[in-house]
Amino acid sequence: FLMIPEEEVVPPFGLKLWDRRLAGRFLAFTRPYMRHIWAGMVLMLLLTVVTVAVPLLIRDAVDQYIRLSTPAEAATRTAGLARLCTLAAAASLLIFLLRGALSYLVSWLGQQVVNDLRTAVFVKILRLPVQYFDRNPSGKLMTRVTSDLEALQGFVERGVVGITANLVMLLGIMSFMLVMDLWFALAMFATLPFLLGILTWVNHLVRKAHRQVRTRQSNLNTVLAENLAGMRTIQIFNRQDASLGQFRAANDELRDAQLVANRHGSWYFPVIEIMRAIATILLMATGAWLFFHGREATGTLVAFLQFYLREFFRPLEDLSDQSH
């Protein structure tokens, strides 16, 4: 890890991951926790199944007990609707518990792996030859042991399990949408090519910007460490103004790099919101088209608008946030 060039350390997922060999060496630190990873996978699958099943309850509630009704069937409808509402409430509670358990497990896993990695990096530093420290300023080493490892913690927490969870959730939702109704599903899928194309382009810009952030953060740490170490000399020779100018220059460069990264990253969620609005219009147009062709799909339309529309874009939002 200490030998990787500065520009190749891009938190947390823009690190390509450098190459497969280095990625494999890093993921080796997760092996002592494979039981916890598998437990996370089980929680993830349970969460996916429960989440995508809720719209079925919504569809049945609308079609069987709300839309089609007569006064003579009021008692039967009320009892059936209460039963479906109870099931939906139980499913929502289970989703809450599963999300909480998965979030805690992933956070715990990230802390454990990075703790082991931080120790391994320090042991490596203790064994390096003196010539290495002559070639590499202490500020850069501090960056590697602190902020770079914090970025890798994000990779463990959101990458190893998080990205997998969102992909499983997305595939599960897409499968259930196809099973529930082909036309509404196709209306939702129509936004994917445009969304993925735009997000891929934005992600490329964000990764490039984060490389600059990492490099300039390291430069700032180097300037700070060198000035602190030589403060006695700076004061003796009255070099405070020169040191301040050097620090301001490095600090301004870091600020500018952060602003560029933030400007590019700010496009993620507006793009997703626009696509969500377009998907809403497509769903409503599809429902109207089906109605004009003699098919009533009120319950299915409500399920897609109230649930699948939100849950379909939630993993895409997370994946966008995790991809840079």
*Can a cation-pi geometry be assigned to Arg118 and Phe122, taking NZ or CZ under 6.0 Å from the six-membered ring centre and within 45° of the ring axis?*
no

*Taking all non-hydrogen atoms of both residues, which atom of Gln258 and which atom of Val213 are closest, and how far apart?*
NE2-CG1, 3.5 Å

*Quick one: are Phe189 and Met177 in side-chain contact, heavy atoms under 4.5 Å?*
yes

*asked:* Take a 6.0 Å sphere around CZ of Arg239 and say whether it holds more than 12 heavy atoms from other residues, nucleotides or ligands.
replied: no

*asked:* Can you give me the closest heavy-atom contact between Met180 and Ala303, atom names plus distance?
replied: SD-CB, 4.3 Å

*How close do Ala187 and Thr286 get, heavy atom to heavy atom, and via which atoms?*
CB-OG1, 3.5 Å

*Are side-chain heavy atoms of Ile95 and Val54 found at a separation under 4.5 Å?*
yes

*Kindly check if the number of other-residue, nucleotide or ligand heavy atoms within 6.0 Å of CH2 (Trp289) is above 12?*
yes

*Would you find more than 12 non-hydrogen atoms of other residues, nucleotides or ligands less than 6.0 Å from Arg310 atom CZ?*
yes

_Value rounded to 0.5 Å, distance of CD in Gln112 from OG in Ser107_ = 10.0 Å

*When you look at CE of Met284, are more than 12 heavy atoms from neighbouring residues, nucleotides or ligands closer to it than 6.0 Å?*
no

*Any chance you could measure Arg99, atom CZ, to Leu47, atom CG, to the nearest 0.5 Å?*
5.0 Å

*Rounded to the nearest 0.5 Å, how far does CG of Leu196 lie from CG of Asn203?*
11.5 Å

*If you measure only the distance, is there a donor-acceptor pair under 3.5 Å linking the side chains of Asn221 and Gln217?*
yes

*Just one of Leu282, Leu178, Thr300 clears the side chain to side chain contact (heavy atoms under 4.5 Å, CB included) bar with Phe184, so which one?*
Thr300

*Nearest-0.5 Å distance that lies between atom CH2 in Trp201 and atom CH2 in Trp267*: 7.5 Å

*Could you tell me which non-hydrogen atom of Val206 sits nearest to which non-hydrogen atom of Gly265, and how far apart they are?*
CG2-N, 3.7 Å

*Ring centres of Phe312 and Tyr308 under 6.0 Å apart?*
no

*Nearest heavy-atom pair of Leu102 and Gly40: which atoms, and what distance?*
CD1-O, 3.6 Å

*Just how far is it from atom CD of Glu311 to atom CD1 of Ile173, taken to the nearest 0.5 Å?*
5.5 Å

*Starting at CG of Asn227, measure out to CD of Gln246 and round the result to the nearest 0.5 Å.*
5.5 Å

